[in-house]
> 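Pasting a structure below so you can have a look.
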Amino acid sequence: MSDDKLIHKIESILQKPSKASLDAKYPSLDAILSKSPGLEYSPSVQSNVVVSIFSNSKIKWIGGALLAAASLGVVFYFNQNTDHREEVAQVEIVEVLPNEPLNGKTVATKGEVLLVSESDPSVVTKVEKGMALKPGDLLRTGKNASLDLEFENQTWVRLANSSELKVLKLEKNKDSQYQKFEILSGKVYAQVNKLGKSSEFSFVSGDKETEVRGTNFSVRFVNGEVVVAVREGSVSVSETVLQANEEISFSSDAEKPAQIVPLSKKENRELKAFQTQISLAKEADLYSEYARLELVRLEDGTEYRGVILGQTETHLQFMHSTGLMEIPISKILETEKIR
């Protein structure tokens with residue numbers, strides 16, 4: 001039988017109601033309208049049922065099309081989910097490791113230098129050379145006294161006479177160092193090597209905070225007045241940036257504006273002396289460790305004092321007071337033994 005005749009025969013059969021349909025009893029239209037709907041109407045939900053009769057060949061063709069469409073749908077679905085999984089996989093989980101203590105110690109004392117207990121200010125002890133420092137320590141110098149502090153990152157701080165300094169933070173991690181102090185009164189000198197971008201070194205004095213990246217400078221805080229002086233490098237004080245050979249004063253009188261002025265000769269002399277004393281102390285440590293001290297002079301007149309450790313074809317390995325250096329041999333004019 002041809003496909004057309006088969007379809008015509010099936011359609012003729014379907015046009016005649018079955019005996020079960022003719023014997024069934026259905027509710028009247030009024031009865032149906034009087035009942036409440038069993039489901040709420042939802043315009044977003046559509047249900048269309050289509051019944052079609054096809055020949056075997058047409059069924060095969062339609063089935064193949066439906067199967068292909070379903071396959072594309074499945075592929076699209078999994079592609080979407082794969083993309084989503086890829087987005088999730090790209091989220092980087094960063095483990096934040098806790099900071100470790102940054103070591104610091106007292107290296108030189110002169111006169112009366114005291115350590116005030118953080119828990120009980122009435123309890124004071126005499127500061128000795130080599131004493132380790134920790135956050136919360138309050139250091140106090142008497143008249144004609146001073147205290148030098150050295151830290152493992154080659155930072156030095158000197159507390160002048162009649163001064164009080166509190167250690168607020170001494171921390172480090174693999175990439176950065178964090179040092180913060182509060183000047184309660186008096187004056188401090190600092191020599192800070194160049195710090196990394198995320199490292200911090202600062203002094204808080206009253207409502208002013210002095211931050212540096214690497215420099216030779218001083219901060220004085222007396223009777224509400226803050227004076228910051230810079231010999232080398234640069235510092236930031238309350239959003240004001242000071243360059244080398246500049247100083248600034250912040251009066252306790254709010255109406256008196258701060259003004260940047262040239263570094264005074266007296267302050268320049270004191271900062272230079274502080275820097276020289278640090279270099280001599282570090283050279284003494286190098287000599288104690290290596291039993292020799294040498295000078296490397298470059299063609300441009302630059303001089304480095306330290307210890308020659310060795311050399312490659314192109315560079316000289318040199319232990320300087322600031323740390324290990326590699327000096328290009330092509331730029332070296334001469335070397336000389338000092339001690």
> Counting heavy atoms not belonging to Lys208, are there more than 12 under 6.0 Å from its NZ?
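Count over threshold, so yes.
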> Please name the residue in the list Asn245, Leu242, Thr210 that meets the side-chain contact (heavy atoms from CB on, under 4.5 Å) test with Val230.
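Testing each of Asn245, Leu242, Thr210 against Val230, the sole residue satisfying side-chain contact (heavy atoms from CB on, under 4.5 Å) is Leu242.
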> Just so I know, are the side chains of Phe151 and Leu170 near enough to count as touching, which here means a heavy-atom distance under 4.5 Å?
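When only atoms from C-beta onward are counted, Leu170 and Phe151 do touch, with a gap below 4.5 Å.
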> Can you list the residues that meet the salt bridge (charged side-chain N to carboxylate O under 4.0 Å, His left out) rule with Glu150, with sequence neighbours excluded?
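Per chain and number, Glu150 pairs via salt bridge (charged side-chain N to carboxylate O under 4.0 Å, His left out) with no residue.
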> If I take atom NZ from residue Lys187 and atom CG from residue Leu159, how far apart are they, to the nearest 0.5 angstrom?
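Between atom NZ of Lys187 and atom CG of Leu159 there are 12.0 Å.
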> Considering only heavy atoms from C-beta outward, does the side chain of Thr109 approach that of Glu128 to under 4.5 Å?
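No; the side chains remain at least 4.5 Å from each other.
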> Is it the case that atom CG in Asn223 sees more than 12 heavy atoms from other parts of the structure closer than 6.0 Å?
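Atom CG in Asn223 is not crowded, with 12 or fewer foreign heavy atoms closer than 6.0 Å.
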> How about Lys282 and Gln154: do any of their side-chain heavy atoms sit closer than 4.5 Å?
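Lys282 vs Gln154: side chains touch.
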> Does any non-hydrogen side-chain atom of Val228 lie less than 4.5 Å from one of Phe203?
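No, every pair of side-chain atoms sits at 4.5 Å or beyond.
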> Where the side chain of Ser202 meets the backbone of Glu211, is there a donor-acceptor pair that is under 3.5 Å apart?
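No; judged by distance alone, with no hydrogens or angles, the pair does not exist.
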> List the atom pairs, with distances to 0.1 Å, where a side-chain N or O of residues 134-148 and a protein N or O form a donor-acceptor pair under 3.5 Å, not counting sequence neighbours.
from	atom 1	to	atom 2	distance (Å)
Lys134	NZ	Asp137	OD1	3.1
Asp137	OD2	Lys134	N	3.0
Arg140	NE	Glu164	OE2	2.6
Arg140	NH2	Glu164	OE2	3.0
Thr141	OG1	Ala160	O	2.5
Thr141	OG1	Ser162	N	3.3
Thr141	OG1	Ser163	N	3.0
Thr141	OG1	Ser163	O	3.4
Asp148	OD1	Arg158	NE	2.7
Asp148	OD2	Arg158	NH2	2.9

> Of all residues at least two apart in sequence or in a different chain, which pass the ring-ring contact (aromatic ring centres under 6.0 Å, His included) check with Phe250?
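Expected list: none.
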> Enter the distance from Lys169:NZ to Asn99:CG here, rounded to the nearest 0.5 Å.
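Lys169 atom NZ to Asn99 atom CG measures 7.5 Å (nearest 0.5 Å).
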> OH of Tyr304: more than 12 outside heavy atoms within 6.0 angstrom?
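Counting neighbours around OH of Tyr304, 12 or fewer heavy atoms of other residues, nucleotides or ligands fall under 6.0 Å, so no.
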> For the residue pair Glu294 and Ile308, what are the closest heavy atoms and their distance?
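What the structure gives for the nearest pair is OE1-N, 2.7 Å.
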> Could you walk me through whether Val107 and Trp156 pass the side chain to side chain contact (heavy atoms under 4.5 Å, CB included) check?
CA-CA 10 Å; Val107 292; Trp156 282 61; 3.7 Å; yes
> Hey, does the side chain of Thr106 reach the backbone of Met131 with a donor-acceptor pair shorter than 3.5 angstrom?
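Indeed, once roles are kept as given, a pair shorter than 3.5 Å links the two residues.
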> When hydrophobic residues are tied together by side-chain contacts of less than 4.5 Å, even through go-betweens, does Phe221 share a cluster with Val157?
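Yes, because Phe221 and Val157 connect within a single hydrophobic cluster, where side-chain heavy atoms sit under 4.5 Å apart.
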> How long is the gap from CG on Leu195 to CZ on Phe201, to the nearest 0.5 Å?
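Reported value, rounded in 0.5 Å steps: 8.0 Å.
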> Mind checking the OG1-CD1 spacing from Thr240 to Ile260? Nearest 0.5 Å is all I need.
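It comes to 6.0 Å.
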> Is Leu324 reachable from Leu295 through a run of hydrophobic residues whose side-chain heavy atoms are each under 4.5 Å from the next?
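Per the 4.5 Å side-chain linkage, Leu295 and Leu324 are co-clustered.
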> For Arg231 and Leu263, which heavy atoms make the closest approach, and how far apart are they?
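Nearest pair, atom of Arg231 first, then Leu263: CA-CD2, 4.0 Å.
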> At what distance, to the nearest 0.5 angstrom, does NZ of Lys180 lie from CD of Glu171?
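It comes to 11.0 Å.
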> What are the two closest non-hydrogen atoms of Leu309 and Met319, and how far apart are they?
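Nearest pair, atom of Leu309 first, then Met319: CD1-CB, 4.0 Å.
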> Do the non-hydrogen side-chain atoms of Ser288 and Asp285 ever get within less than 4.5 Å of each other?
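Counting from C-beta outward, Ser288 and Asp285 never come under 4.5 Å.
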> By salt bridge (charged side-chain N to carboxylate O under 4.0 Å, His left out), which residues pair with Glu112, not counting sequence neighbours?
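None.
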> Considering all heavy atoms of both residues, which atom of Phe274 and which atom of Asn216 are nearest to each other, and what is their separation?
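Where Phe274 meets Asn216 most closely, the heavy atoms are CD2-ND2, 3.9 Å.
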> Grouping I, L, V, M, F, W and Y whenever their side-chain heavy atoms are under 4.5 Å apart, do Ile278 and Leu165 come out in a common cluster?
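No, no single cluster joins them.
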> Hey, what do you get for CD (Glu313) to CD (Gln311), rounding to the nearest 0.5 Å?
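Result: 10.0 Å between the selected atoms.
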> Does the side chain of Phe181 reach to within under 4.5 Å of the side chain of Val188, using non-hydrogen atoms?
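Sidechains of Val188 and Phe181: no contact.
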> Throw together a table of side-chain donor-acceptor distances under 3.5 angstrom for residues 325-339, partners on residues two or more places apart or in other chains.
from	atom 1	to	atom 2	distance (Å)
Glu326	OE2	Gln317	NE2	3.2
Glu334	OE2	Arg297	NH1	2.4

> Closest approach of Phe217 and Val235, non-hydrogen atoms and distance?
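That would be CG-CG1, 4.1 Å.
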> If Ile, Leu, Val, Met, Phe, Trp and Tyr residues are connected whenever their side-chain heavy atoms lie under 4.5 Å apart, and connections chain through other members, are Val212 and Leu102 in the same group?
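Yes; Leu102 is reachable from Val212 via cluster members.
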> Do Leu298 and Val296 pass the side chain to side chain contact (heavy atoms under 4.5 Å, CB included) test, and can you show the C-alpha distance, the side-chain angles, and the key distance before you say yes or no?
CA-CA 7 Å; Leu298 306 187; Val296 175; 4.2 Å; yes
> Quick check on side chain to side chain donor-acceptor pair (under 3.5 Å): which of Gln275, Glu270, Gln277 does Tyr189 satisfy it with?
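Checked Gln275, Glu270, Gln277 against Tyr189; only one passes side chain to side chain donor-acceptor pair (under 3.5 Å): Glu270.
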> Between Val219 and Ser205, what is the shortest heavy-atom contact and its length?
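That would be CG1-OG, 4.1 Å.
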> Do the charged groups of Arg220 and Glu267 touch, with an N to O distance under 4.0 Å?
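No.
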> Please answer whether the main-chain N or O of Gly233 pairs with a side-chain N or O of Arg213 as donor and acceptor at a distance below 3.5 Å.
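Not a single qualifying donor-acceptor pair exists.
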> Please say yes or no: joined through hydrophobic side-chain contacts below 4.5 Å, possibly via intermediate residues, are Tyr290 and Leu293 part of one cluster?
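Yes.
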> Start with the C-alpha distance between Lys272 and Arg269, add both sets of side-chain angles, then the distance that settles side chain to side chain contact (heavy atoms under 4.5 Å, CB included), and finish with yes or no.
CA-CA 5 Å; Lys272 184 178 181 180; Arg269 185 169 60 251; 5.9 Å; no
> For Arg305, give me all partners under salt bridge (charged side-chain N to carboxylate O under 4.0 Å, His left out), at least two apart in sequence or on another chain.
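So Arg305 forms a salt bridge (charged side-chain N to carboxylate O under 4.0 Å, His left out) with Glu283.
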